[in-house]
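Here the structure comes first, spelled out in structure tokens, and everything after it is commentary.
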Amino acid sequence: MDLTVRRLTTDDAKDIYEMLQELPADENGFINPVHGKTYDEYKLWLKKAYDDSVQTGIIDGWKVPGTVFWLFEDGKPVGFGKLRHFLTEKLLDAGGNIGYSIRPSERKRGLGKRFVAKLIEEGKIIGIERLLFTINNNNTPSIRVALANGGVIERVTEERHYISIVLKNE
Ligand SMILES: CC(C)(COP(=O)(O)OP(=O)(O)OC[C@H]1O[C@@H](n2cnc3c(N)ncnc32)[C@H](O)[C@@H]1OP(=O)(O)O)[C@@H](O)C(=O)NCCC(=O)NCCS
């Protein structure tokens, strides 16, 4: 099985669009803005998402830079992930640095764990020093994925688990 991760590009095409229709619009707080949108709207979103990845500062007091990644298994898109390059106070509370989703038809085969392992490597390339996961307490699969990748539980509130991984030791 060949598993690869690639950054979003403005040339992404129909195969990714189809995956994004299969993934819900909001699942446990991970947002898929393309669900239910037309192909033309998807192409416009790709441009916006690309711009977000090359942004350097905070826009409008809240919008931080973020990069979208796709997971491919033997050439077929099976996962959608996102890394926020740094966080605001609000994102430290809910959102965190990392979000991910595996195509519903492809879940429970270990892809979630392997996708996050690859996103961690991408996070190092971006220069993220401490990667924060904020995960709803009822989202067992996601908590397991974070812990399997070396995540350390920092605290648990009534709503969520805060799990982190240090990517840069100095
Ligand atoms: C979270 C998610 C990416 C996991 O993907 P996956 O490919 O199914 O994950 P894996 O196959 O690597 O499984 C990881 C672990 O969760 C367990 N698991 C998977 N689905 C499960 C379920 N529905 N209930 C209980 N445990 C589950 C697996 O058995 C495995 O456990 P292990 O550590 O004992 O081996 C996937 O469930 C998903 O896309 N969820 C919706 C989006 C989401 O919630 N994203 C995270 C937001 S913070």
Side-chain angles (χ1 to χ4, degrees), residues 1-8 12 15-37 42 45 49 52-53 62-124 126 128 130-167:
M1 182 215 293
D2 175 47
L3 216 54
T4 51
V5 158
R6 158 168 96 52
R7 286 177 180 228
L8 168 149
D12 287 337
D15 57 345
I16 302 280
Y17 176 73
E18 282 164 1
M19 172 173 73
L20 294 174
Q21 297 318 304
E22 203 179 303
L23 291 168
D26 178 353
E27 206 174 8
N28 304 311
F30 184 67
I31 306 297
N32 165 18
V34 178
H35 182 89
K37 296 288 164 65
Y42 156 69
W45 174 77
D52 291 350
S53 73
W62 64 272
K63 194 174 173 204
V64 298
T67 304
V68 168
F69 295 90
W70 312 122
L71 178 71
F72 292 86
E73 183 183 22
D74 297 327
K76 176 188 167 184
V78 290
F80 166 24
K82 185 171 171 180
L83 290 174
R84 292 194 181 98
H85 303 187
F86 58 84
L87 302 177
T88 57
E89 285 300 318
K90 205 171 164 214
L91 288 166
L92 280 167
D93 181 54
N97 292 99
I98 181 166
Y100 38 84
S101 180
I102 295 290
R103 232 169 151 138
S105 53
E106 308 293 344
R107 289 181 189 170
K108 292 195 186 180
R109 294 199 292 117
L111 291 179
K113 283 187 194 176
R114 295 179 65 189
F115 189 20
V116 168
K118 288 181 181 292
L119 291 174
I120 288 169
E121 293 311 308
E122 296 293 340
K124 289 179 187 167
I126 289 171
I128 298 170
R130 175 179 160 272
L131 191 77
L132 178 69
F133 300 68
T134 65
I135 307 177
N136 293 347
N137 290 341
N138 61 4
N139 194 353
T140 305
S142 183
I143 292 169
R144 295 193 78 90
V145 161
L147 296 179
N149 278 287
V152 173
I153 299 176
E154 288 184 2
R155 61 193 172 105
V156 179
T157 64
E158 272 186 19
E159 279 178 83
R160 42 187 93 88
H161 277 54
Y162 294 82
I163 298 178
S164 68
I165 302 177
V166 174
L167 303 188

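Every number for a ligand or one of its atoms is a count from 1 in the order of the listing.
Short contacts between ligand 1 and N139, defined as distances under 4.0 Å to a heavy atom of the residue, involve ligand atoms 43 (C), 44 (O), 46 (C), 47 (C). Close approach of ligand 1 to R109 is summarised as follows: ligand atoms under 4.0 Å from at least one heavy atom of the residue are 11 (O). Atoms of ligand 1 lying under 4.0 Å from at least one heavy atom of K113, given by number and element, are 12 (O), 14 (C), 32 (P), 33 (O), 35 (O).
Protein heavy atom closest to atom 7 (O) of ligand 1, with residue, atom name and distance, is G112 N, 2.8 Å. The nearest protein atom to atom 45 (N) of ligand 1, hydrogens excluded, is given as Y100 O, 2.7 Å; this is a heavy-atom distance. R144 CB, 3.7 Å is the protein heavy atom nearest to atom 15 (C) of ligand 1. The nearest heavy-atom contact from the protein to atom 27 (C) of ligand 1 is P141 CG, 3.8 Å. Protein heavy atom at the shortest distance from atom 48 (S) of ligand 1 is S142 OG, 3.5 Å.
The main-chain N or O of G36 is found under 3.5 Å from a side-chain atom of Q21 such that the two form a donor-acceptor pair.
Residues K118 and E121 are not paired through a salt bridge, judged by the lack of any N-O separation under 4.0 Å between the basic side chain and the carboxylate. At a threshold of 4.0 Å, the pair E73-R114 does not count as salt-bridged, since none of the basic side-chain nitrogens sits closer than that to a carboxylate oxygen. Under 4.0 Å is where a charged nitrogen must lie from a carboxylate oxygen, and between K76 and E22 no such pair does.
Using modelled atom types, one finds no donor on one side chain facing an acceptor on the other under 3.5 Å when comparing T157 with Y162. For the residue pair E122 / T67, no side-chain donor-acceptor distance below 3.5 Å is found, with atom types taken as modelled.
With distances taken over non-hydrogen atoms, the option nearest atom 10 (P) of ligand 1 out of G95, G79, G110, G81 is G110. With R114, R160, K108, R107 as candidates, the residue nearest to atom 36 (C) of ligand 1 on a non-hydrogen basis is R107.
An N or O contact shorter than 3.5 Å is missing between V145 and ligand 1 by distance. Checked against a 3.5 angstrom limit, the closest N/O atoms of E106 and ligand 1 fall outside it. Inclusion of I102 in the set of residues having an N or O under 3.5 Å from an N or O of ligand 1 is warranted.
Aromatic pair Y100/F115: centroids not less than 6.0 angstrom apart.
Between R160 and the options I143, I135, N139, T134, a side chain to side chain contact (heavy atoms under 4.5 Å, CB included) holds for only T134.
Note on ring orientation: taking the six-membered ring where Trp is involved, the planes of F80 and W70 are tilted (angle from 30° to 60°).
Counting protein heavy atoms under 4.0 angstrom from atom 29 (O) of ligand 1 gives zero.
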